[in-house]
J.: 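One structure coming up, written as structure tokens, with questions to follow.
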Amino acid sequence: MSSVTLKNIVKRFGSFTAVHQTDLEIPEGAFVTLLGPSGCGKTTNLRMIAGLLDPTEGEILIGGKRVNDVPIHKRNLGIVFQNYALFPHKTVADNIAFGLKYRDVPKDQIAGKVQDALDLVQLPDVGSRYPKELSGGQQQRIALARAIVIEPDVLLLDEPLSALDANLREDMRVELKRIQDQIGVTTLFVTHDQSEALAMSDQIVVMSAGRVEQVGAPEEVYNNPASEFVANFLGASNVIDAECRAKNAEGAQLDTPLFGKVTLPAEKSVRLSGAGPAKLVLRAEKLQVMEEGAAPEGLITAPATIETVDYQGQTVRYFVRVGDAQLQALNMIDERPFEKGSAATVGFRPQDGSALAPA
Amino acid sequence: MAARDSSLGWHLIRGYAMAVYLFMFLPIIVVVLLSFNASQFGSFPMTGFSFRWFGELWNNEAILRAFRTSLVLGLLTALISTTLGVLASLALVRYKVPGANTISTILIAPILVPEVVLAVALLLFLNFLGVPKSFGLLLFGHVIFTLPFVILVVQARLVAIRRDIEEAALSLGASPVQTFFQVTLPLMLPAVMAGALFAFTISFDDITGTLFWKPGGVETVPTQIFAMLRNSISPEINALGTVMIVMTVGLPLVGAAIARQMSKKSGL
Ligand SMILES: Nc1ncnc2c1ncn2[C@@H]1O[C@H](COP(=O)(O)OP(=O)(O)OP(=O)(O)O)[C@@H](O)[C@H]1O
Ligand SMILES: [Mg+2]
């Protein structure tokens, strides 16, 4: 188990820069997720750590040691690939034993370790089968077993669940997290699925176009996004123009054309440096659509017209017009949703908003 | 009516196909049949069933020598072509050498050039260098001529072996060389074997190039048959033809069966 550090890493392919100057710290034993849209450089970062790509600039440290010049087969990493990458000509047991052959594991202990790994991924009886005789989910478990049986310093997973169908993906997500907790290995997980990232990670690194947008715990990234991009990538958000009147230790006073005065608590206004233009970020789930004229205590409200109703069973997504802006609201419903075209009131608690400095 | 017309059309097509097959295979069938003919003359009617001509073959020193030459030549050609072909395919597919497309085209080109042209060109070139004809030259020619087939077959397979399987082996601690022998080679073995069989059979029944390249006094089975035909059409030739057919048709079939068996086991 080791920490991983990226220092000033840059990766260029020809004249195209896939990863811009990046610093990143993956603490020992942590589960860190790289999250971002397709093509933002997640795989490139992972492959540089793995030793499958050379960084153009910068240093990579594993357990405090510089590994830029250490080839992949000497880095002691466990890698799980998107398409499992099991050896099709070897049995499951031989697949798992593969890495042990290149380590000083006494021959008579190999079978025991393989069985332990099979038990860990809850497939104790498939050792003698060939990979193609297993389902996709089972193959991915074997790939995981093969990667962790060598007791790697770091576990690298590149979208390991994306080849599985939706239900299986959720089971595997829980399973993967359980195993990681149990063995406590430093883990770097790559995904473009925000719910995967939120559910599994100790820390999320949100990336966009080769740059790190934000690093933080899931709640932090979710509730207090560092940029408009982050706010919209993790679910839908409303970004509203505002003007910061004053900021002090207790919080910040914003003036918004849509909702009037809004007072944000201090932890939600850390991105403001003082009075001046600002943006108010309001997650769609935090914007409540209510009966026309409702004014519950503690909520900041504004009159609205419902423009679109997207009924999803347990929840409903509204697009509402407030003043000259269209806002999105994602609400739980117990009976029937509001009708399209009807007048309503929208409201939110000030502590559910967060502020951004304008870009 | 339309239905009847089309069924008539189908009958015509079927009949035509039969005729083509007959035209292609009848001579071969005749050769095989006549090789078992007891008669003195290599022609119909057959007078009885006999292995006599195969016995004569076995006692014909010149033919046996030609057979040994062909065998050694074919095996060496297969060995060298396959080794070179595997290495070339690896370089072209895995290591992205600069100009890979051009190199690939050049390596495949001998298939496209008429064999006579290739044969003469190589001969003239070596004449120019002052190298005399030799068994080595013959082997060299056969390797050039069979290499494209090996490369085509092996390359196709290598492209289909996913890179991440090799990367998985590397990440588990196998060096690049260990990865090649543990993962890449076993996965492309069916193609390597197919390539070797191709090379062997092509070499074994090549005549055009061989006529140009062989040194005096050395005969392969095809050139030996060719020489014998100049004198007379002996029934021995039918027997020899049958042996050739069995070798050049049977070997690839056996090879294909083994390859299928292997890939079934490895689940590909
Ligand atoms: N070998 C390469 N040569 C040139 N460009 C490359 C190469 N590998 C990646 N890129 C480019 O670098 C960028 C980042 O690619 P990368 O594979 O890291 O994206 P990603 O975040 O993993 O995306 P995805 O979610 O689709 O897997 C992309 O624009 C891609 O086209
Ligand atoms: Mg990727």
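Note on naming: letters A, B, ... go to the chains in the order of the sequence lines (proteins, then strands), and numbering restarts at 1 for each one.
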J.: Most heavy-atom pairs under 4.5 angstrom with chain B, which of Thr91(A), Val80(A), Asn83(A)?
T.: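 Ranked by contacts with chain B, first place is Asn83(A).
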J.: Please classify the contact between Glu166(B) and chain A as side chain, backbone, both or neither, with a heavy-atom cut-off of under 4.5 Å.
T.: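 Interface part for Glu166(B): neither.
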J.: Sort by residue number and list every member of residues 94-112 of chain A having a non-hydrogen atom under 4.5 Å from chain B.
T.: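 Answer by number: Phe98(A), Gly99(A), Lys101(A), Tyr102(A), Arg103(A).
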J.: For Phe140(B), look at atom CZ and say whether over 12 heavy atoms of other residues, nucleotides or ligands are found less than 6.0 Å away.
T.: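 It does not: Phe140(B) CZ has 12 such atoms or fewer within range.
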J.: Leu156(A) versus chain B, heavy atoms under 4.5 Å apart: side chain, backbone, both or neither?
T.: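 Looking at Leu156(A), nothing touches chain B.
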J.: In chain order, what residues pass the ring-ring contact (aromatic ring centres under 6.0 Å, His included) check against Phe200(B), with sequence neighbours excluded?
T.: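 Partners of Phe200(B) under the ring-ring contact (aromatic ring centres under 6.0 Å, His included) test: Phe204(B).
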J.: Non-hydrogen atoms of chain B under 4.5 Å away: do they reach the side chain of Arg129(A), the backbone, both or neither?
T.: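 No part of it gets close to chain B.
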J.: For residues 66-75 of chain A, give me every residue with a non-hydrogen atom less than 4.5 Å from any non-hydrogen atom of chain B.
T.: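 Within residues 66-75 of chain A, the residues under 4.5 Å from chain B are Ile72(A), His73(A).
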J.: Report, in residue-number order, which members of residues 168-178 of chain B are under 4.5 Å from chain A by heavy-atom distance.
T.: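 Interface residues of residues 168-178 of chain B: Ala168(B), Ala169(B), Leu170(B), Ser171(B), Leu172(B), Gly173(B), Ala174(B), Ser175(B), Pro176(B), Gln178(B).
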J.: Taking atom CE of Met24(B) as the centre, report whether more than 12 heavy atoms of other residues, nucleotides or ligands fall under 6.0 Å from it.
T.: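 Check passes, neighbour count above 12.
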J.: At their closest point, which heavy atom of Pro88(A) faces which heavy atom of Ile165(B), and how far apart are they?
T.: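 Scanning both residues completely, I find the closest heavy atoms to be CD-CD1, 4.0 Å.
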J.: Could you tell me which non-hydrogen atom of His89(A) sits nearest to which non-hydrogen atom of Pro186(B), and how far apart they are?
T.: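 So the minimum-distance heavy-atom pair works out to CD2-CB, 3.5 Å.
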J.: Flag the one option from Glu133(A), Arg146(A), Gln82(A) with the top tally of heavy-atom pairs under 4.5 Å to chain B.
T.: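 Sorted descending by pairs with chain B, the first entry is Arg146(A).
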J.: Mind checking the CD-CG spacing from Glu167(B) to Asp158(A)? Nearest 0.5 Å is all I need.
T.: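 These two atoms lie 10.5 Å from each other.
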